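As the structure is a computational prediction, the values presented were derived from the model and not from experiment. Quick note: residue numbers are just sequence positions, from 1. Atoms within each ligand, like the ligands themselves, are counted from 1 in listed order.
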Amino acid sequence: MKLLHIVGARPNFPKLAPVHRAGQAAGVTQVIVHTGQHYDEAMSAGFFRDLGIPAPDVNLAVGSGSHAAQTARIIERFEPVLLQEQPDWLVVYGDVNSTMATAIVAAKLGVRVAHVEAGLRSYDRSMPEEINRVVTDRLADLLLTPSLDANATLVAEGESPEAIVFVGNVMIDTLLASLPRAEATGYAASRGADGRHIVVTLHRPSNVDDPERLRLVCHALSALAETRPIFFPAHPRTQQQLRVLGIDLGQVMVSDPLPYFEVLDLVRGAHAVVTDSGGLQEETTALGVPCFTLRPNTERPITVTEGTNQLVSDLSALRSLVEGATPVRPPRPPQGWDGRAGERVIAALLAHSRAH
Ligand code: UD1
């Protein structure tokens, strides 16, 4: 069996790592194509190094752009690569533009598509990722889900139950495997993080691109920072907006994006996380750390119903919510968030290859 893995943006890399490792252990032939959607050292190469993923075989170097331009560039540059590689499966991860764009190319060329993290829905089409999720799932031949609610969603959308396999959460494989190395960085202690601290990440256009919204969010964060240390490793999109708008975040400690292990060291011992990231909603649930998500909806409802996540739409309530937060000890992660999901992805691919 030959797999062609697609990655492009930061959240893809911790998802690829355990699947690639399991593929190696099973003796599968594997090719990694990086679209180049993310390209900064801190957003891309650092993750490959830290997570032990081999360097990509091909980098399409598409870079940044509007959704249409970026998607179109990926489609155009990926087609000859796929024609040359002729894999048995294209394996795509998550919901970024690289996921959808390459699934379109494969579907048109008759190459089977496996979608890791299938079946998540926010039902909010103003979110670019929701469009990517729906299109990718419609085109995929094998729908590999992170939680059982996603199976039900896909069946309700008319997908064949034979094409849906619950594998669990691959990103949690990476999280669990990385905890000792995160602790070994000593990063949190070196920055004075004392367990009362908050970790903030924000990068969604809905929070960051609208100046009025970003000002309100930052105002709420600076109020929180009066009583607790706040670490805010900021995405390039967010840094740019903060700079352009000249927003003063008071005592909030804003930094460049941090390496995976350093973020994990901060998050694992935090009092709470405030975020709009999909990944952190899941990671905090797995760690038992309270999470406040600054969004009106989530495509990961299991982090609310079974985890530590809470959606916050009223920013004036943020401070009292955060102050009242208590961790879940020991953490009680959802079914299949157990460190073995990558192996189940490979097992499902092998089983479905045989079935064809
Ligand atoms: C993308 C994904 C989003 C994911 C996020 C994680 C889509 C539609 N969005 O959003 O789902 O949660 O990645 O980070 O696929 N930039 C840099 N250096 C980089 C990459 C980006 O400076 O290495 C800057 C550029 O100014 C760029 C902006 O960030 O225009 C946004 O990057 P882009 O990949 O378009 O979207 P993200 O917000 O990163």
To which protein heavy atom is [atom] closest, and what is the distance rounded to 0.1 Å?
atom: atom 25 (C) of ligand 1; result: Ser64 OG, 3.4 Å
atom: atom 24 (C) of ligand 1; result: Pro236 CB, 3.8 Å
atom: atom 8 (C) of ligand 1; result: Asn97 OD1, 3.2 Å
atom: atom 18 (N) of ligand 1; result: Asp40 OD2, 2.9 Å
atom: atom 6 (C) of ligand 1; result: Pro11 CD, 3.4 Å

Among pairs that include at least one residue of residues 17-43, which meet salt bridge (charged side-chain N to carboxylate O under 4.0 Å, His left out), considering only residues two or more places apart or in two chains? Glu41-Arg49
With distance as the sole criterion, is a donor-acceptor pair present between the side chains of [X] and [Y] under 3.5 Å?
X: His115; Y: Tyr93; answer: no
X: His34; Y: Ser44; answer: yes
X: Asp88; Y: Ser353; answer: no
X: Asp209; Y: Gln241; answer: no
X: Ser160; Y: Glu162; answer: yes

For Glu282, which residues count as a salt bridge (Lys or Arg N to Asp or Glu O under 4.0 Å) partner, sequence neighbours excluded? Arg300
Considering only heavy atoms, which of [options] lies nearest to [atom]?
atom: atom 26 (O) of ligand 1; options: Gln241, Glu41, Gln240, Arg237; answer: Gln240
atom: atom 3 (C) of ligand 1; options: His67, Gln70, Glu129, Met43; answer: Glu129
atom: atom 13 (O) of ligand 1; options: Arg204, His203, His38, Gln37; answer: His38

Below 3.5 angstrom, do we get any N/O pair linking Tyr39 and ligand 1? yes
